[in-house]
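This report concerns only the one structure given below.
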Amino acid sequence: MVHIEYEYDFEHVGKMFRLPGKFLRVETISGGLINRTYRVVYEREGGWEKSYLFQKINTHVFKKPEEVMENIDHVTTHIYKKRGGVNALHFHHTEDGKNYYVDEAQECFWRVRNYFDSVTFDVCNDVQILYLAGVAFGSFQNDLRDFDATLLHETIKDFHNTQKRLETLFADAELDPCGRVHEVTEELAYIKSVQKKACVLTEMLDAGRLPLRVTHNDTKINNVLFDPETRCPLTVIDLDTVMPGLVAHDFGDAVRFAANTAAEDEPDVSKISLDLEQFTAFAEGFVPCLKDCLTSDEINTLAQGVFCITVELASRFLDDYITGDQYFKTLYEGHNLVRARAQIALAKDIETKLEEMQGIVSRFCMPGR
Ligand code: GN1
Ligand code: MG
């Protein structure tokens, strides 16, 4: 048998989670920009294969990973009960009852969960899939309606505080620690020019006009797993940032990613725009799941949320570029700048479509829909 040297001692990690069977192999799963994810395959008695999902948490981003895992424990338990265990995420425990394992020697924070045979979508033009992704995220939030938010830790402080994100960007631009600011003056100027508009939700929240709910906070469509055959949603994953938040941010982030005519990091900005048909499909899935609990201010800010979160992410990518690419995984030099430019192009297009987008959302809130 060929012996493969892996970057980490997966076999040891599996033992700590008491996974049964013989360790066979590891496949890297790409996609996320923060954590490292692997499919680890075991052979069970009788020769059949069983996979698990191993994740190494990025402790630079999640400073208190134990708190992330405690949140996940609460949320998965709640959803498990609501859904009778069907397609539920299940995290394995170590002998001392923890749903994580810290490998001191390799300085790694690991978690292991059940693996789903599934497909995910990065760029997706299929309106039926977008509609179903809307249902998946809308139902996720609806499942958490009666969840006690005081149980949750704030895993990343001010995660979607657009105001603070922009202030940090401008402060870092002043400091210019990597000498890159001269390359991004146009991008900074654009973000400055829309600052007020992009911070509307933060302002309304501070003024007590928008309620905090338990939200997912990272609703990229590739965080919905679909059945490879039926193409029905199985489950929503990536619960690291489930925290009290705004419904418009969940809606907005999903649309930002899913209804973009190009990839999140498309270098050719002429390919980037907000596809209204795709927007409509997602909204048609998402909005009706929640319309009976949303306040009129919440409904009226859903489209605005798409703009706010897009500018917020542009500012985060740009800030990471200015400060030396410490936060998001990058695949090449300048990747974060490409991402920031792509988000700015998208924000500009969204600005021209906001009224129409809001009209579409309102349609799905009409009685009888
Ligand atoms: C990060 O790791 P991933 O891909 O799930 C980020 C999100 C961004 C996203 C952009 C904890 O999510 O906020 O929207 O990249 N997550 C964190 O692709 O910062
Ligand atoms: Mg994430």
Side-chain angles (χ1 to χ4, degrees), residues 28-38 53 55-65 67-69 71-72 75 89 109 111 113 120-124 133 136-137 140 152-162 164-166 168-169 198 201 215-225 235-243 245-246 248-260 262-266 272 305-321 323 325-331 335-347 350:
T28 302
I29 297 182
S30 53
L33 302 192
I34 306 293
N35 300 317
R36 307 262 160 184
T37 309
Y38 308 87
L53 198 102
Q55 255 186 336
K56 179 173 143 355
I57 310 286
N58 180 333
T59 47
H60 170 70
V61 169
F62 296 103
K63 308 263 188 243
K64 294 183 183 164
E67 294 191 350
V68 171
M69 294 315 292
N71 281 2
I72 286 181
V75 170
L89 292 182
F109 190 103
R111 66 181 170 207
R113 70 158 167 82
T120 53
F121 299 91
D122 289 327
V123 179
C124 177
F137 281 127
F140 178 86
L152 294 177
H153 301 284
E154 196 178 2
T155 52
I156 300 180
K157 204 170 161 7
D158 293 319
F159 189 56
H160 284 319
N161 185 330
T162 313
K164 288 233 165 100
R165 294 283 190 187
L166 267 53
T168 307
L169 169 70
L201 293 188
T215 47
H216 183 281
N217 293 307
D218 190 3
T219 48
K220 295 201 290 195
I221 185 188
N222 57 14
N223 279 333
V224 181
L225 303 185
T235 190
V236 168
I237 57 164
D238 193 358
L239 310 183
D240 297 335
T241 48
V242 173
M243 287 182 276
L246 298 179
H249 283 150
D250 269 9
F251 178 76
D253 208 18
V255 168
R256 169 193 76 72
F257 192 80
N260 185 349
E264 186 181 67
D265 58 354
E266 172 57 56
I272 297 172
V306 185
F307 179 72
C308 296
I309 208 86
T310 305
V311 174
E312 182 185 291
L313 195 62
S315 80
R316 292 175 63 196
F317 285 144
L318 194 60
D319 187 38
D320 203 25
Y321 182 67
T323 54
D325 306 312
Q326 304 283 323
Y327 188 96
F328 295 105
K329 256 186 243 165
T330 50
L331 297 178
H335 198 171
N336 273 319
L337 179 55
V338 166
R339 287 173 176 146
R341 287 184 173 146
Q343 295 304 301
I344 288 174
L346 183 63
I350 293 168

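Heads up: numbering here begins at 1 and tracks the sequence. Just so you know, ligand 1 is whichever comes first in the structure, and atom 1 is the first atom listed for that ligand.
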### Message
Would G32 count as being in polar contact with ligand 1, using the rule that some N or O on each side must be under 3.5 angstrom apart?
### Response
no
Check whether any heavy atom of F159 sits under 4.0 Å from an atom of ligand 1.
-> yes
> Side-chain contact, heavy-atom cut-off 4.5 Å: L337 with L318?
Replying inline: yes
Test of proximity, L313 against ligand 1: N or O pairs below 3.5 Å: no
Quick note on ligand 1: atoms under 4.0 Å from a heavy atom of R256 include exactly 14 (O)
One finds that the ligand 1 atoms under 4.0 Å from a non-hydrogen atom of F62 are 11 (C)
Note: ligand 1 atoms sitting under 4.0 Å from heavy atoms of Y327 are 11 (C), 17 (C), 19 (O)
Name the orientation class of the two ring planes belonging to H249 and H160 (parallel below 30°, tilted from 30 to 60°, perpendicular beyond 60°).
tilted
Looking only at distances, please establish whether an N/O atom of ligand 1 is found under 3.5 Å from an N/O atom of N223. no
For E264, the ligand 1 atoms with a heavy-atom partner under 4.0 Å come out as 10 (C), 18 (O)
Check: Hey, are R316 and D319 close enough for a salt bridge, meaning a charged N less than 4.0 Å from a carboxylate O?
Finding: no
Open item on the list: Can you confirm whether L33 sits close enough to F317 that some side-chain heavy atom of one is under 4.5 Å from a side-chain heavy atom of the other?
Closed with: yes
Looking only at distances, can you tell me whether any N or O atom of K220, backbone or side chain, sits closer than 3.5 Å to an N or O atom of ligand 1?
yes
Exactly one candidate in D250, I156, V242 meets side chain to side chain contact (heavy atoms under 4.5 Å, CB included) with N217; the answer is D250
query = Does D218 have a non-hydrogen atom less than 4.0 Å from ligand 1?
reply = yes
So the atoms of ligand 1 within less than 4.0 Å of a heavy atom of D238 turn out to be 5 (O)
Hits for salt bridge (Lys or Arg N to Asp or Glu O under 4.0 Å) against K63, two or more places apart or cross-chain, chain-then-number order -> none
**Prompt:** Side-chain donor-acceptor pair under 3.5 Å between Q55 and R113, yes or no?
**Reply:** no
If we only consider heavy atoms of R316, is any one of them less than 4.0 Å away from an atom in ligand 1? yes
Exercise for review: Would you tell me whether Q326 and H60 have side-chain atoms, one donor and one acceptor, within less than 3.5 Å of each other?
Suggested key: no
By ring pair (Phe, Tyr, Trp, His ring centres under 6.0 Å), F109 pairs with (sequence neighbours left out) Y100
Honestly, for F328 the part within reach of ligand 1 (heavy atoms, under 4.0 Å) is side chain
For H160, state whether at least one heavy atom is located under 4.0 Å from any atom of ligand 1. no
